[in-house]
Novice: 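Sharing a structure below in structure tokens format, with a few things to ask.
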Amino acid sequence: MSFRLRAAIVAAFALSAAAAVSASEMSIAGESIASVTSLPKTEPAATQPAVVFAAPRETAQPLESDHAAGSSSTSDSDFSATSLAALVDAQGAPEELDGDMQCLAGAVYFESKGESLEGQLAVARVIINRAKSGRFADSLCGVIYQPSQFSFVRRGSMPPIRTESRSWRQAVAIAQIAMNDSWDSRAEGALFFHARRVSPGWGKTKLASIDNHIFYR
């Protein structure tokens, strides 16, 4: 066999082997692509924020764009509140208030009566935060009656409350909402506040200005 004939045969075998490898590689890539593109597509489930009275600790406040700025005794059915005002209206007035709830509602009444519901809620949250902080008294009444903390407290007591007034009913509702953590406050985490007319120069972290008060942590 001549040299040229042998070279031609070797070249033919080489081309045949290369073609087989290329075909194998294309087949593997094709299977990989098919396995990816054939995966089912899933869409995230849409969620609707709601305040659920049946389980207050599991409620969710609507996003800020959904409203203007979470123990409920209204009913056993679910209720969705689109605003703090709607949540206040939905609160049932309890027949009796225990000591701490009476103190909290009284503080809301005297400290922020006539202000917005958001301002009243922020005041209530400060008192609750203090009771939980370990830096103040460990009860709501203890926090409120601590000397030199709230100007409406005189000689260890509050002035008389007009319990038939709309302001008192609102204060009780706000106290319930704050205790159940049913609605977030712009001043979440605040431990201190003062009226806008004073400048104590505390050097604390400012959280929010709401109505007549400025809140800090």
Novice: State, to 0.1 Å, how close Cys103 and Tyr145 come at their nearest heavy-atom pair, and which atoms those are.
Specialist: SG-CE1, 3.8 Å

Novice: Heavy atoms, side chains only, cut-off 4.5 Å: are Met101 and Gln176 in contact?
Specialist: yes

Novice: Is there a path of hydrophobic side-chain contacts, each under 4.5 Å between heavy atoms of I/L/V/M/F/W/Y residues, joining Leu191 to Leu207?
Specialist: no

Novice: Of all heavy-atom pairs between Val143 and Ala137, which one has the smallest distance, and what is that distance?
Specialist: CG2-O, 3.4 Å

Novice: Considering non-hydrogen atoms only, spot the tightest contact between Ala105 and Ala171 and give its length.
Specialist: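 Of all heavy-atom pairs spanning Ala105 and Ala171, the closest is O-CB, 3.5 Å.
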
Novice: Under 3.5 Å, side chain of Ser199 to main-chain N/O of Gly201, donor-acceptor pair present?
Specialist: no

Novice: Taking side chain as C-beta onward, heavy atoms only, is Trp202 less than 4.5 Å from His194?
Specialist: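 Side chain of Trp202 against side chain of His194, heavy atoms only: contact under 4.5 Å found.
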
Novice: I want to check something: taking the side chain as every heavy atom from C-beta on, are Glu115 and Ile210 in contact at a cut-off of under 4.5 Å?
Specialist: no

Novice: Is there a side-chain contact between Arg162 and Tyr109 in this structure, where contact means two heavy atoms from C-beta onward sitting under 4.5 Å apart?
Specialist: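 Touching, per the 4.5 Å side-chain cut-off.
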
Novice: Whether Lys204 engages the ring of Phe192 as a cation-pi pair (distance to the six-membered ring centre under 6.0 angstrom, angle to the ring normal within 45°) should be assessed.
Specialist: yes

Novice: Do the side chains of Val108 and Leu121 get nearer than 4.5 Å, heavy atoms only?
Specialist: no

Novice: Please give me the minimum heavy-atom distance between Trp168 and Leu97, naming the atom from each residue.
Specialist: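 For Trp168 and Leu97, the tightest heavy-atom pair comes out as CZ2-CD1, 3.7 Å.
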
Novice: Dump the intermediate steps for side chain to side chain donor-acceptor pair (under 3.5 Å) on Gln149 and Arg130, then the final yes or no.
Specialist: CA-CA 11 Å; Gln149 295 301 308; Arg130 285 189 172 194; 2.8 Å; yes

Novice: Mark yes or no for whether Arg125, through its side chain, and Ala178, through its backbone, hold a donor-acceptor pair below 3.5 Å.
Specialist: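 Answer holds: yes.
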
Novice: What's the separation between atom CD1 in Ile144 and atom CZ in Phe110, rounded to the nearest 0.5 Å?
Specialist: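 Between atom CD1 of Ile144 and atom CZ of Phe110 there are 11.0 Å.
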
Novice: Taking the side chain as everything from C-beta on, heavy atoms only, tell me whether Asp211 gets closer than 4.5 Å to Arg196.
Specialist: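 No, too far: nothing below the 4.5 Å cut-off.
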
Novice: Distance check, rounded to the nearest 0.5 Å: Ser167 atom OG versus Ile174 atom CD1?
Specialist: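 The OG atom of Ser167 sits 12.0 Å away from the CD1 atom of Ile174.
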
Novice: With respect to Leu104, which candidate in Val123, Val172, Ile128 satisfies the side chain to side chain contact (heavy atoms under 4.5 Å, CB included) definition?
Specialist: Ile128

Novice: Run the side-chain contact (heavy atoms from CB on, under 4.5 Å) test on Gln120 and Glu111 for me, step by step, so that the C-alpha distance in whole Å, both residues' side-chain angles and the decisive distance to 0.1 Å come before the verdict.
Specialist: CA-CA 8 Å; Gln120 295 180 49; Glu111 192 66 41; over 6 Å; no

Novice: Where the side chain of Asn212 meets the backbone of Ala195, is there a donor-acceptor pair that is under 3.5 Å apart?
Specialist: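 Such a contact is absent between Asn212 side chain and Ala195 backbone.
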
Novice: Measure the acute angle between the ring planes of Phe150 and Phe193, then classify it against the limits of 30° and 60° as parallel, tilted or perpendicular.
Specialist: tilted

Novice: Considering all heavy atoms of both residues, which atom of Ile161 and which atom of Gly106 are nearest to each other, and what is their separation?
Specialist: CD1-CA, 4.1 Å

Novice: Any chance you could measure Ser116, atom OG, to Gln170, atom CD, to the nearest 0.5 Å?
Specialist: 10.0 Å

Novice: To the nearest 0.5 Å, how far apart are CD1 in Ile214 and OG in Ser209?
Specialist: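 Those atoms lie 4.5 Å apart.
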
Novice: As an exercise, state the distance from CZ of Phe136 to CD of Gln146, rounded to the nearest 0.5 Å.
Specialist: 6.5 Å

Novice: Look up atom CG in Asp98 and atom CD in Gln102, then write down how far apart they are to the nearest 0.5 Å.
Specialist: 9.0 Å

Novice: Would a 4.5 Å heavy-atom cut-off, applied to side chains only, mark Arg169 and Arg166 as touching?
Specialist: yes

Novice: Same cluster for Tyr216 and Val126 if Ile/Leu/Val/Met/Phe/Trp/Tyr side chains link at under 4.5 Å?
Specialist: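 Yes, because Tyr216 and Val126 connect within a single hydrophobic cluster, where side-chain heavy atoms sit under 4.5 Å apart.
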
Novice: Can you find a pair of side-chain heavy atoms, one from Pro159 and one from Arg154, that are under 4.5 Å apart?
Specialist: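 They are not in side-chain contact.
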
